[in-house]
Amino acid sequence: MLTDAALADLRACFGDRLTTSPALLQAHGQGESHVTAPPPWAVVFPDTTAEVAELARISTRHGFALIGWGAGTSLEGHALAPSGGVTVDFARMDRVLQVFPEDMRAVVQPGITREALNHALRATGLFFPVDPGANASLGGMAATRASGTAAVRYGTMRDNVLGLEVVLADGRVIRTGTRAPKTASGYDLTALMVGSEGTLGLITELTLRLSGQPEAVSAATCAFDTMAAAVDCVTETIQTGLAMARIEFLDPDTVAACNAFSGMTLPLQPQLLVEFHGSPASVAEEAERFGEIARRHGCRSFEWAEAPEARKRLWRMRHDAYRAILASRPGSKAIVTDVCVPISALAQAVEETRADIAASGIPGPILGHVGDGNFHAILLIRDGDAAEAAVAKALATRMAERSLRLGGTITGEHGVGFGKLPLMAAEHGAGWDVMGAVKRALDPDNRMNPGKVVPQR
Ligand SMILES: Cc1cc2nc3c(=O)[nH]c(=O)nc-3n(C[C@H](O)[C@H](O)[C@H](O)COP(=O)(O)OP(=O)(O)OC[C@H]3O[C@@H](n4cnc5c(N)ncnc54)[C@H](O)[C@@H]3O)c2cc1C
């Protein structure tokens with residue numbers, strides 16, 4: 001617990017922006033994750049980088065941990081405090097600091113959410129394309145190296161964060177990267193921090209790459225007879241180099257849940273949801289070429305959603321898929337799996353996963369951003385049913401192991417937190433020890449989000 005002296009130092013720095021109210025501690029001690037931990041000891045709401053640096057010095061003096069908090073939507077316990085500490089909620093550091101339209105760059109604070117950033121950018125003709133569905137914060141998205149539905153075209157946070165301001169464990173403030181399109185200047189500290197899940201430092205500013213809002217957008221749903229046909233269609237589409245903006249897969253169970261939740265009437269078959277961005281001519285040509293590939297793979301129906309409202313409805317439905325699936329089994333909780341395999345192994349990975357889930361007796365609708373080989377099974381377990389939880393965890397582990405066997409990764413986008421720690425050695429071998437060495441070099445007292453990502457010793 002925090003000592004009186006530590007609390008006094010925190011109060012002197014944050015005043016009433018320090019809270020130990022049980023309700024707020026509780027709210028920062030749970031999230032969307034299936035893993036659980038006790039609430040943190042206190043929560044602070046910084047306004048400036050200088051305050052975050054002072055906080056790091058206070059934590060050094062008194063020896064307590066700091067855990068960053070963006071929107072709390074991470075899925076592997078990333079932002080929880082399993083061994084106590086102070087949560088640093090960035091909600092008040094939520095401003096767009098500068099936009100450089102000619103350079104297509106923006107500098108933002110970490111607490112701004114993806115939707116708020118795009119709202120602020122709407123008059124510039126630019127947008128920030130990384131879209132994890134949840135209205136996550138940019139700081140949390142950088143910390144988890146998030147991606148989502150549009151990554152197949154625009155890349156992940158790794159590709160769209162050009163620079164950072166970071167407060168290190170000892171209170172030093174470093175700046176990484178520049179606004180330039182590229183650099184060969186030494187170790188890539190931006191890349192090191194992106195995906196470090198707050199274990200190496202707290203991000204207080206981000207320089208982002210923006211994209212031009214497309215002149216024309218077209219979206220469609222296409223139904224297939226089998227999952228294999230839908231996935232093979234994705235594989236051929238990607239291999240031919242067609243510039244898809246989104247290519248999402250829903251299995252029939254996901255389609256049923258989405259229809260019920262979002263009032264849609266999609267055929268109860270494996271579905272691809274696709275979107276094209278570009279000029280009117282390029283969109284028409286790409287849609288035509290995709291249509292040919294889809295028909296070759298036995299696409300049954302092709303429904304265009306060209307009007308902005310129809311597209312919005314379609315992607316709202318996709319973004320609500322998680323809630324729709326949860327609602328399909330009232331009283332259940334979800335273990336959300338997240339594997340990513342090379343595109344050539346996608347069909348095998350999805351088929352084997354499907355068979356494994358069917359044999360388990362646990363409901364596990366499958367969906368994913370299959371254009372980049374990334375898919376999820378949402379394993380639904382009755383809340384409090386230990387036997388179902390054990391079956392689901394074993395399924396999730398087998399999914400991760402299958403992904404590794406096929407040349408993939410244990411997490412395509414959600415990250416490690418402490419939920420995926422037991423799988424890290426299998427993916428990285430000695431490389432995981434190197435991650436631990438980097439952590440010790442930057443945070444020798446293990447005060448930055450301890451218990452996550454690296455080997456625990
Ligand atoms: C319905 C649903 C759908 C999702 N879909 C996707 C998806 O398609 N793609 C995807 O990538 N993810 C997805 N996620 C997971 C989640 O949205 C992402 O991991 C997101 O990037 C987390 O952002 P956040 O702001 O909620 O971060 P939080 O959950 O608050 O924190 C995540 C991690 O970042 C750290 N952190 C937060 N802020 C900072 C900071 N300023 N400095 C340093 N560390 C910090 C935290 O300590 C923690 O380790 C989904 C989640 C849900 C619930």
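Keep in mind that the numbers below use all heavy atoms, side chains included, and drop hydrogens, waters and symmetry copies. Atoms within a ligand are numbered from 1 in the order they appear, just like the ligands themselves.
Distance alone, capped at 3.5 Å, is enough to place a donor-acceptor pair between the Glu197 side chain and the Gly417 backbone. Listed for the Ser262 side chain is no donor-acceptor partner under 3.5 Å among the backbone atoms of Met264. The closest donor-acceptor contact from the side chain of Trp432 to the backbone of Val453 lies under 3.5 Å. Checked by atom type and distance alone, the side chain of Ser218 never pairs as donor or acceptor with a backbone atom of Phe276 at under 3.5 Å. Between the Thr409 side chain and the Cys340 main chain, no donor and acceptor come within less than 3.5 Å of each other. Here the side chain of Asp170 pairs a donor or acceptor atom with the backbone of Arg172 at under 3.5 angstrom. Put simply, the side chain of Lys452 gets close to the backbone of His78: a donor and an acceptor are under 3.5 Å apart.
Contact check for Leu273 versus Thr149: no side-chain heavy atoms found under the 4.5 Å cut-off. By the 4.5 Å heavy-atom criterion applied to side chains, Ile357 and Ile366 are counted as neighbours. Within the 4.5 Å cutoff, the side chain of Asp443 has no heavy atoms near those of the Leu200 side chain.
The residue from Gly195, Gly140, Gly415 that puts a heavy atom closest to atom 37 (C) of ligand 1 is Gly140. Within the set Met448, His414, Arg145, the minimum heavy-atom distance to atom 14 (N) of ligand 1 is found for His414. Within the set Ser74, Ala334, Gly412, Gly198, the minimum heavy-atom distance to atom 32 (C) of ligand 1 is found for Ser74.
Remark: minimum distance from atom 24 (P) of ligand 1 to any protein heavy atom is reached at Ala71 N, 3.5 Å. What sits closest to atom 42 (N) of ligand 1 on the protein, heavy atoms only, is Ile203 N, 2.8 Å. Of the protein's non-hydrogen atoms, the one nearest atom 6 (C) of ligand 1 is Pro132 O, 2.9 Å. The shortest contact between atom 48 (C) of ligand 1 and any protein heavy atom is with His78 CB, 3.4 Å. Looking only at heavy atoms of the protein, atom 11 (O) of ligand 1 is closest to Ser147 N, 3.0 Å. In terms of protein heavy-atom proximity, atom 25 (O) of ligand 1 is nearest to Ser137 OG, 2.7 Å. Shortest contact from atom 47 (O) of ligand 1 to any protein heavy atom: Gly68 O, 2.6 Å. The shortest contact between atom 2 (C) of ligand 1 and any protein heavy atom is with Ala134 CB, 4.1 Å.
Ion pairing between Glu351 and Arg354 fails under the 4.0 Å rule for side-chain N and carboxylate O. Between Glu205 and Arg175 there is a salt bridge, since at least one side-chain N of the basic residue sits less than 4.0 Å from a carboxylate O of the acidic one.
Taking NE2 of His376 as the reference point, atom OG1 of Thr353 lies at 12.5 Å (rounded to 0.5 Å). Considering CD of Glu54 and OG1 of Thr48, their distance stands at 10.0 Å, rounded to 0.5 Å.
Here the closest heavy-atom approach between residue Val416 and residue Leu421 is recorded as CG1-N, 3.9 Å. The minimum heavy-atom distance linking Asp232 with Ala347 is given by the pair OD1-CB, 3.6 Å. Closest approach of Cys13 and Ile58 over heavy atoms only: CB-CD1, 4.0 Å.
Each of the following atoms of ligand 1 lies closer than 4.0 Å to a heavy atom of Ala143: 34 (O), 35 (C), 36 (N), 44 (N), 45 (C). Each of the atoms 21 (O), 23 (O) of ligand 1 lies under 4.0 Å from some heavy atom of Met141. Here is the list of ligand 1 atoms found below 4.0 Å of a heavy atom in Thr144: 19 (O), 20 (C), 21 (O), 32 (C), 33 (C). Distances below 4.0 Å separate heavy atoms of Gly201 from the following atoms of ligand 1: 43 (C). Heavy-atom contacts of Tyr322 reach the following atoms of ligand 1: 1 (C) (cutoff under 4.0 Å). Close contacts between ligand 1 and Glu197 involve ligand atoms 49 (O) [criterion: under 4.0 Å to a heavy atom]. In summary, the atoms of ligand 1 found under 4.0 Å from a heavy atom of Ala146, numbered by their order in the structure, are 11 (O), 21 (O). Short contacts between ligand 1 and Asn449, defined as distances under 4.0 Å to a heavy atom of the residue, involve ligand atoms 47 (O), 49 (O).
Remark: ligand 1 and Ala136 share no N or O pair separated by less than 3.5 Å (distance only, no angle test). The distance criterion of under 3.5 Å between nitrogen or oxygen atoms is not met by Phe90 with respect to ligand 1. Some N or O of Glu413 is nearer than 3.5 Å to an N or O of ligand 1, by distance alone. No N or O atom of Pro110 sits closer than 3.5 Å to an N or O atom of ligand 1. Taking distance alone, with nitrogen or oxygen atoms compared against 3.5 Å, Asp131 stays at or beyond that limit from ligand 1. For ligand 1, the polar-atom distance check finds an N/O of Gly72 within less than 3.5 Å of one of the ligand's N/O atoms. Residue Gly70 has at least one N or O atom closer than 3.5 Å to an N or O atom of ligand 1.
In Glu32, the part holding a heavy atom less than 4.0 Å from any atom of ligand 1 is the side chain. When heavy-atom distances to ligand 1 are checked against a 4.0 Å cut-off, His369 comes that close only through its side chain, counted from C-beta outward. At a 4.0 Å heavy-atom cut-off, ligand 1 touches Leu75 through the side chain alone. Residue contacts with ligand 1, taken as heavy atom pairs separated by less than 4.0 Å, involve Thr73 via backbone and side-chain atoms alike.
Gly133 does not count as a contact of ligand 1, since none of its heavy atoms falls under 4.0 Å from the ligand. Taking a 4.0 Å cut-off on heavy atoms, Gly31 fails to register as neighbouring ligand 1.
A tilted orientation is assigned to the rings of Tyr154 and His277, their planes being inclined by 30° to 60°.
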